[in-house]
Amino acid sequence: MKLLQDMISPHLEHLLSAKGVKKGTWESMLQPSREASQGDLTLPCFPFASVLRMAPQAIADELAASFPPLDALLSVSSVNGYLNFKAHPEWLTNAILSGEIYVGNALENSGKTGERVLLEHTSANPNGPFHVGRARNAILGDTLVRLHRLHGDDVRAEYYVDDMGKQVGVLAWALENLGKEDVENLLSEREPPSERWADKADHQRVRWYQAAQLLRNDADEARKSEIEKEIGQLVHASEHGDVGVLESFESAYSPVLDGMLTTLSRLGISFDTFTKESTFVVNGTVSELMKTLDSLEISGTADNGAGYLDLGQRGLKGKTEFFYRRGDGSSLYATRDVAYHMWKWGESNRLVNVLGEDHKLQAKQVGMTLEELGQQRPNVLFYSFIKLPEGKMSTRRGNVVFMDDLLEEAHAQASAVVRELRPEYDDEKVAQIAEAVGAAAVRFNIIKVSPEKGFTFRWEEALAFEAGSAPFIMYAHTRACSIARRVVGLPVSELERPTVESMPEGLVELLRLMCTHNDVIERSVREQKAHLFALHMLELANAYNGFYRDCPVVQNDKVDSFAFSISEMARELMRSGLEGLGITPIEEM
RNA sequence: GGGCGUGUAGCACAGCUGGAUAAUGCAUCGGCCUCCUAAGCCGAAGAUCGCGGGUUCGAAUCCUGCCACGCCCGCCA
């Protein structure tokens with residue numbers, strides 16, 4: 001609780017420096033209490049024992065006894081060598097009602113902090129529909145975009161479009177060379193495509209991609225080498241910046257990308273800018289870059305003329321050679337990525353990338369190369385893959401859960417719940433609620449766990465609508481909305497602030513949590529841990545439910561002005577917080 | 001073989017810049033709708049923090065060895 005910390009730090013400094021303990025040695029130790037019942041902030045006194053030659057307990061006792069009384073403090077206590085500070089609920093009330101808690105807006109750039117962040121995420125190859133595995137990147141990335149905005153940074157969400165190279169080449173070749181019948185014959189043993197998505201280009205065209213991949217593996221040798229030759233020529237041309245080929249690639253992948261973006265938009269995910277990988281080949285920055293790399297001290301050349309950097313000289317372990325140019329002179333994906341990053345640094349003063357854990361080595365190589373060129377490394381958030389109970393997901397093998405299907409299923413399940421719980425709602429209302437709840441449940445299920453943890457996708461978990469899920473938070477928010485509606489037109493009491501003695505537990509808990517709200521956003525953004533904020537939102541909703549239980553806002557058709565003010569503030573925080581998680585804060589459910 | 005990551009109640013997951021009785025949800029057991037939406041609230045039970053050693057006043061957290069799982073180690077993207 002930074003609010004409280006700012007109040008007590010000067011006094012602690014005064015007391016401790018008189019004893020010869022410097023600020024640097026204790027400042028970082030003043031932390032939120034692990035035991036919430038003991039207080040809001042705690043200073044463990046054990047480390048001072050040897051310096052002061054006193055027992056920790058005695059130090060804590062002495063500090064507690066000599067700490068000056070402050071409006072901000074309800075109590076200072078000493079327990080087992082810990083110095084505990086408890087915030088005064090009346091002071092917390094004052095902080096909240098006087099607007100010291102920043103509500104923020106997750107949907108717009110405010111420029112409050114002056115930070116300009118370029119956040120690249122998703123950037124999936126446009127060769128087929130989004131599956132749940134790929135979606136972790138998009139959900140993680142979009143949530144970080146929103147949290148940065150909530151924090152007050154200016155953010156640009158960017159999609160790096162892989163518009164050249166083999167994957168797109170295969171798709172373009174297939175669309176050019178295979179008829180619908182060829183494709184269906186080749187894929188006759190696969191599950192047929194879902195009727196539901198028959199009109200969606202990503203679902204259509206991925207069949208061509210899959211068919212081509214099958215052919216490349218299973219055709220007779222003559223046909224195989226012919227196909228490889230044709231695809232190879234396309235890929236080669238694209239990598240040398242052949243504009244005609246790049247245009248044909250674009251017309252192959254564009255409808256697929258559009259389909260993928262349609263899926264993402266249903267999850268509330270959108271991008272500000274799209275940058276094509278080929279840009280840096282066509283405009284010459286990649287070949288410029290390769291020349292610069294050639295001149296570096298750690299640069300080397302292989303027998304066939306390929307260029308690499310020996311990153312082992314800079315401490316990289318394992319495979320130390322990082323190739324940036326092929327023997328034929330063309331660039332590699334990573335080379336273009338370096339050029340892309342140099343461009344990005346010109347656009348912004350902070351870079352964040354969201355990448356799958358399979359890109360760790362690559363990202364390290366790109367980062368080290370940037371440093372070698374006198375540039376900074378970007379911040380990278382890595383995540384582990386989502387698996388199915390049957391194993392790894394793969395578009396190629398067709399072992400996937402499509403995001404489109406998951407969202408449809410989530411909508412259907414949510415719809416069933418709403419119909420059962422609220423039989424009085426009409427179809428339109430049910431559909432609107434089900435859409436918000438379904439998408440929220442899917443997002444939250446992924447965002448609430450820390451990214452480095454691999455997890456297995458299970459339908460029953462993704463579609464749980466109970467405590468610990470998005471609907472739980474949404475529900476607390478609708479309660480606050482319901483109160484706000486109820487209050488309209490009723491007589492309102494004078495605003496009378498209760499004293500500590502008359503504050504029920506549920507109110508105090510809510511006040512404390514609201515006063516940590518901004519701290520959690522700050523930390524989530526700084527450490528790139530969206531799950532911390534997700535868990536905080538669960539706690540906030542839980543605390544609101546406690547307040548709802550203990551503090552009736554409307555009683556005997558009269559409005560308690562104080563309770564209503566707190567409820568409204570909590571409603572605002574829940575609304576903006578839900579938006580920060582990419583959840584639509586609906587007013588009824 | 002080398003590098004990186006993960007291992008916490010039956011299941012899932014938080015805590016990992018060392019600090020108190022390891023937090024939360026599901027599942028289990030019990031209680032609460034004449035009262036602002038019960039998708040809720042209150043309570044009970046449930047944990048050798050993968051295993052062994054070390055550092056420390058104090059270790060889930062740091063170091064080290066081992067075990068299990070995941071990802072990577074292409075002049076692919």
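The chains referred to below are lettered A, B, ... by the order of the sequence lines, with proteins before strands, and numbering in each begins at 1.
- Base orientation of B:rC49: anti, the glycosidic angle falling outside 90° of 0.
- Between A:Asp310 and A:Gln313, the side chains place a donor N or O and an acceptor N or O closer than 3.5 Å (distance only, hydrogens not considered).
- Among the heavy atoms of the strands lying under 4.0 Å from A:Thr42 is at least one base atom, whether or not backbone atoms are also near.
- A:Tyr425 comes within 4.0 angstrom of a base, heavy atoms only.
- Taking atom CD1 of A:Ile586 as the reference point, atom P of B:rA39 lies 13 Å away to the nearest angstrom.
- Comparing the C1' positions of B:rU24 and B:rC62 gives a spacing of 26 Å, expressed to the nearest Å.
- For the pair A:Arg422 and B:rA39, the criterion of a side-chain N or O lying under 4.0 Å from OP1 or OP2 is met.
- Relative to the side chain of A:Tyr548, the nucleotides B:rA14, B:rC42, B:rA38 differ in distance, and B:rA38 lies closest.
- No contact: A:Leu316 has no heavy atom under 4.0 Å from any strand.
- The residue among A:Glu452 and A:Cys551 whose nearest nucleotide of RNA chain B lies closer to the 5′ end is A:Glu452.
- Across B:rA20, B:rC36, B:rA12, the shortest atom-to-atom separation from the side chain of A:Arg486 is found for B:rC36.
- Among pairs with a residue in residues 444-456 of chain A, none fulfils side-chain hydrogen bond (donor to acceptor under 3.5 Å, both in side chains), at least two apart in sequence or across chains.
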Protein-nucleic acid N or O pairs under 3.5 Å, nucleotides 22-27 of chain B:
| from | atom 1 | to | atom 2 | distance (Å) |
| --- | --- | --- | --- | --- |
| B:rG25 | O2' | A:Ala467 | O | 2.9 |

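- Residue contacts for A:Cys481: at a heavy-atom cut-off of 4.0 Å it reaches no nucleic acid atom on any strand shown.
- Taking a centre distance below 5.5 Å and an interplanar angle below 30 degrees as the stacking criterion, A:Phe46 stacks against the six-membered base ring of B:rG19.
- A:His341 and A:Asn353 form a side-chain donor-acceptor contact under 3.5 Å, judged by distance and modelled atom types alone.
- Distance noted for atom C1' between B:rA9 and B:rA47: 5 Å (whole Å).
- Within 4.0 Å (heavy atoms only), A:Val168 reaches no atom of the nucleic acid at all.
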Considering only distance and modelled atom types, tabulate donor-acceptor pairs under 3.5 Å from the side chains of residues 35-54 of chain A, sequence neighbours left out.
| from | atom 1 | to | atom 2 | distance (Å) |
| --- | --- | --- | --- | --- |
| A:Asp40 | OD1 | A:Arg512 | NE | 2.7 |
| A:Asp40 | OD1 | A:Arg512 | NH2 | 3.1 |
| A:Asp40 | OD2 | A:Ala87 | N | 2.8 |
| A:Thr42 | OG1 | A:Ser33 | OG | 2.7 |
| A:Thr42 | OG1 | A:Asn84 | OD1 | 2.8 |

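- Every pair passing ring pair (Phe, Tyr, Trp, His ring centres under 6.0 Å) that includes a residue from residues 301-327 of chain A is listed here, sequence neighbours excluded: A:Tyr308-A:Phe323.
- Donor-acceptor pairing under 3.5 Å, judged by distance alone, is present between the side chain of A:Asn84 and the base of B:rA20.
- A:Ser567 and A:Tyr544 make their closest contact through OG-OH, 2.8 Å (heavy atoms, listed as atom of the first residue, atom of the second, distance).
- Screening A:Asp294, A:Thr301, A:Thr335 against A:Arg325 for a side-chain hydrogen bond (donor to acceptor under 3.5 Å, both in side chains) leaves a single residue, A:Asp294.
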Short N/O separations, protein against nucleotides 60-65 of chain B, under 3.5 angstrom:
| from | atom 1 | to | atom 2 | distance (Å) |
| --- | --- | --- | --- | --- |
| B:rA60 | N6 | A:Arg34 | NH1 | 3.1 |

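- Atom name C1', nucleotides B:rC69 and B:rC51: the rounded distance is 15 Å, in whole Å.
- Nucleotides of RNA chain B nearest to A:Ala541 and A:Leu41 differ in position, and the one nearer the 5' end is that of A:Leu41.
- In this structure, A:Ala412 has no side chain to side chain contact (heavy atoms under 4.5 Å, CB included) partners at least two apart in sequence or on a different chain.
- Applying the side chain to side chain contact (heavy atoms under 4.5 Å, CB included) test to A:Ala440 and every residue at least two apart in sequence or in another chain returns A:Ala470, A:Met474, A:Ile583.
- With distances taken from any side-chain atom of A:Pro47 to the nucleotides B:rA39, B:rC41, B:rG19, the minimum falls on B:rG19.
- By the 4.0 Å N-to-carboxylate-O rule, A:Glu424 lies too far from A:Arg422 to be salt-bridged with it.
- Qualifying side chain to side chain contact (heavy atoms under 4.5 Å, CB included) partners for A:Glu568, counting only residues two or more places apart in sequence or in other chains: A:Ala484, A:Phe564, A:Arg571.
- Here A:Tyr82 counts as stacked on B:rA20: its ring centre is under 5.5 angstrom from the base ring centre and the planes meet at under 30°.
- One interatomic measurement links the two molecules: CD1 of A:Ile566 to P of B:rC36, which rounds to 21 Å at whole-angstrom precision.
- For B:rA20 and B:rC49, the P atoms lie 15 Å apart once the distance is rounded to whole Å.
- In this structure, A:Glu27 places its CD atom 18 Å from P of B:rU17, rounding to the nearest Å.
- Applying the 4.0 Å criterion to OP1 and OP2 of B:rG40, one finds that A:Asn545 has every side-chain N and O outside that range.
- Remark: RNA chain B forms stems of 3 or more consecutive Watson-Crick or G-U wobble pairs, all pair distances under 3.5 Å, at B:1-7 with B:67-73, B:10-12 with B:24-26, B:28-32 with B:40-44, B:50-54 with B:62-66.
- Using atom C1' as the reference point in both B:rA22 and B:rA39, the two lie 29 Å apart (nearest Å).
- Contact check, A:Arg458 against B:rA12: no side-chain N or O comes under 4.0 Å of OP1 or OP2.
- Checked against the 6.0 Å centroid threshold, A:His517 and A:Phe533 count as a close aromatic pair.
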Which letters describe nucleotides 69-77 of chain B, given B = protein heavy atom under 4.0 Å from base, S = only from sugar-phosphate, - = neither? -SSSSSBSB
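- Set against B:rA12, B:rC36, B:rG3, the side chain of A:Lys317 has B:rG3 as its closest nucleotide.
- Atom name P, nucleotides B:rC33 and B:rC42: the rounded distance is 15 Å, in whole Å.
- Here the side chain of A:Ser238 pairs no donor or acceptor atom with the backbone of A:Met164 at under 3.5 angstrom.
- Note on A:Val554: a base of the nucleic acid sits closer than 4.0 angstrom, heavy atoms only.
- Using a 4.0 Å heavy-atom criterion, one finds that A:Glu588 contacts the bases of the nucleic acid, with or without backbone contacts as well.
- Looking at residues two or more places apart in sequence or on another chain, you find a side chain to side chain contact (heavy atoms under 4.5 Å, CB included) between A:Glu409 and A:Gln413, A:Trp459, A:Leu463.
- Judged by distance alone, with hydrogens and angles left aside, A:Thr478 brings no side-chain donor or acceptor close enough to the base of B:rA39 to form a pair under 3.5 Å.
- Residue A:Lys529 has no polar side-chain atom (N or O) positioned under 4.0 Å from OP1 or OP2 of B:rA14.
- Within the 4.0 angstrom heavy-atom criterion, base atoms lie near A:Met589.
- With sequence neighbours left out, A:Phe85 forms a ring pair (Phe, Tyr, Trp, His ring centres under 6.0 Å) with A:Phe67.
- The aromatic rings of A:Phe274 and A:Tyr159 sit tilted relative to each other, their planes meeting at an angle between 30° and 60°.
- Salt bridge A:Arg575/A:Glu572: present, at least one basic N to carboxylate O contact under 4.0 Å.
- For the pair A:Arg53 CZ and B:rC57 C1', the computed distance is 17 Å after rounding to whole Å.
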